[in-house]
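Each remark here refers to the structure printed beneath this line.
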Protein chains: 2
Amino acid sequence: MRPNKRDELVRKALAVFYRNGFHATGMDMLVAETGVSKTSMYKHFRNKDELILAALRLRDESFRNWLYRRMEALSECPRGQMLAMFDALAEWFAAPDFRGCMFIKAVAEFQEPEHPIHAQSAEHKRLLAEHFTALARKAGAAEPDRLARSILLLKEGAIVTRVMGNAGDAAADARAAADILLEHALGPDTAR
Amino acid sequence: MRPNKRDELVRKALAVFYRNGFHATGMDMLVAETGVSKTSMYKHFRNKDELILAALRLRDESFRNWLYRRMEALSECPRGQMLAMFDALAEWFAAPDFRGCMFIKAVAEFQEPEHPIHAQSAEHKRLLAEHFTALARKAGAAEPDRLARSILLLKEGAIVTRVMGNAGDAAADARAAADILLEHALGPDTAR
DNA sequence: GACAAAAGTTACTGATCGGTACATTTAAGC
DNA sequence: GCTTAAATGTACCGATCAGTAACTTTTGTC
């Protein structure tokens, strides 16, 4: 069981779950998609839920990694980075394989808060909130967690709105609103 | 086929779908839950998708009806009503059987935009946007649809955040943010 | 009360679900 | 090269999936 084999299975399963949903994706489809046999699949993962959890762990790590790096690339100061998150969001929205937030979808399919899949999805959002609270504190907000939470409300709203595919550029709308909230919490932008 | 029988089936199916999800709820479970036989169920609905669509239609109508009435009960002016939406949201969030937005969940399970279930869920959000654009216009906003969209971003974000069950009162956070956005778009509140 | 149509039930279909028993192949250690 | 254990493949499990054929009961009309 070389370590990269399992990772490859998780990577491929992640793509199928993201595209197809969790309940709608059967183990047979995953087996067909990954080219591995069913027994091998169950050697790597005790059951379907564990495969889903592994996929979500990978998604959490790679998504947050990508988002944070993108924010840092687009701006140097904490305030600018929070705003830049919406530019990163716009890039994500424009990707041809964009299918919404994997964790929102996971929670939609596994509703009981005690369910490990639900709990792990919630953890992803908690980690995001933590990061943004730190940014808001660095930016000098009087109530860093309140500011972070309102910025993230706009982020989640933008994702959902984009998926529901109605009029308007959700990322741009969210960015404009966030700009107003930042101005209100921190005063006029002094950088640059 | 008395007309109220079908409605009763839709009402009960709606509750099960809302609590349990769409793919995870089998027709056998619905048959057991409603007390009707399987053949009768298929006399009323050609297939499962049609039953889901009927449930979503009912949900759309009753939810928007409830929300609009609640907003009107809480405030008389358009601006106050938009803000009151978040108080209504808080009431919804506090309900013991709250399970998030049925349409967000439906879109999460039926991802193809062409799918009738997806399309009908998107329509619900479109109707909400229409209503809020009208309110924003009445409130005197320079760009009514932009204001409406940003208010609704906060609403969707609050629902998702509440479902992901992390710290803070999502409805209150959203309300506070909306208040700032309204102030920015309309100036200080002149009513009352 | 006769009769026709609608609404109901029982019992079943083939397909697919998540998961496994068991035989076979591959690869490493000596 | 022989032994041994891990990795894999075949072929299957009972349960459940959405959906249906054939038959019985209920209901409204005259």
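Below, chain A is the first sequence line, B the second, and so on; all start at residue 1.
- Atom CG of Leu181(A) is separated from atom OG of Ser150(A) by 5.0 Å, given to the nearest 0.5 angstrom.
- Side chain of Arg6(A) to backbone of His44(A): a donor-acceptor contact under 3.5 angstrom is found.
- For His44(A) and dT20(C), the NE2 to C1' distance is 16 Å, given to the nearest whole Å.
- Among dT20(D), dG18(C), dG9(D), the nucleotide with an atom closest to any side-chain atom of Asp28(A) is dG18(C).
- A straight line from CD1 of Ile52(A) to P of dC17(C) spans 13 Å, rounded to a whole angstrom.
- Rounded to whole angstrom, the span from the CG atom of Leu30(B) across to the P atom of dC17(D) amounts to 10 Å.
- Atom P of nucleotide dC17(C) and atom CE of Met41(A) are separated by 13 Å, given to the nearest angstrom.
- One can place NZ of Lys43(A) at 11 Å from P of dG9(D), the figure rounded to the nearest angstrom.
- The nearest whole Å value for the distance from the CE atom in Met27(A) to the P atom in dC17(D) is 18 Å.
- Counting atom types as modelled, Lys38(A) pairs no side-chain N or O with a base atom of dG9(D) as donor and acceptor under 3.5 Å.
- Between the OH atom of Tyr42(B) and the P atom of dC17(D) there is a distance of 11 Å, given to the nearest Å.
- Judged purely by atom type and a 3.5 angstrom limit, Arg79(A) has no side-chain atom pairing as donor or acceptor with the backbone of Ala139(A).
- Look at CD on Glu50(B): it is 10 Å from P on dG19(D), rounded to the nearest Å.
- Donor-acceptor pairing under 3.5 Å, judged by distance alone, is absent between the side chain of Lys48(B) and the base of dG19(D).
- Side chain Thr39(B) to base dT9(C): a donor-acceptor pair is found below 3.5 Å.
- A donor-acceptor pair is defined here as one N or O able to donate and one able to accept, closer than 3.5 Å; such a pair exists between the side chain of Gln120(B) and the backbone of Leu53(B).
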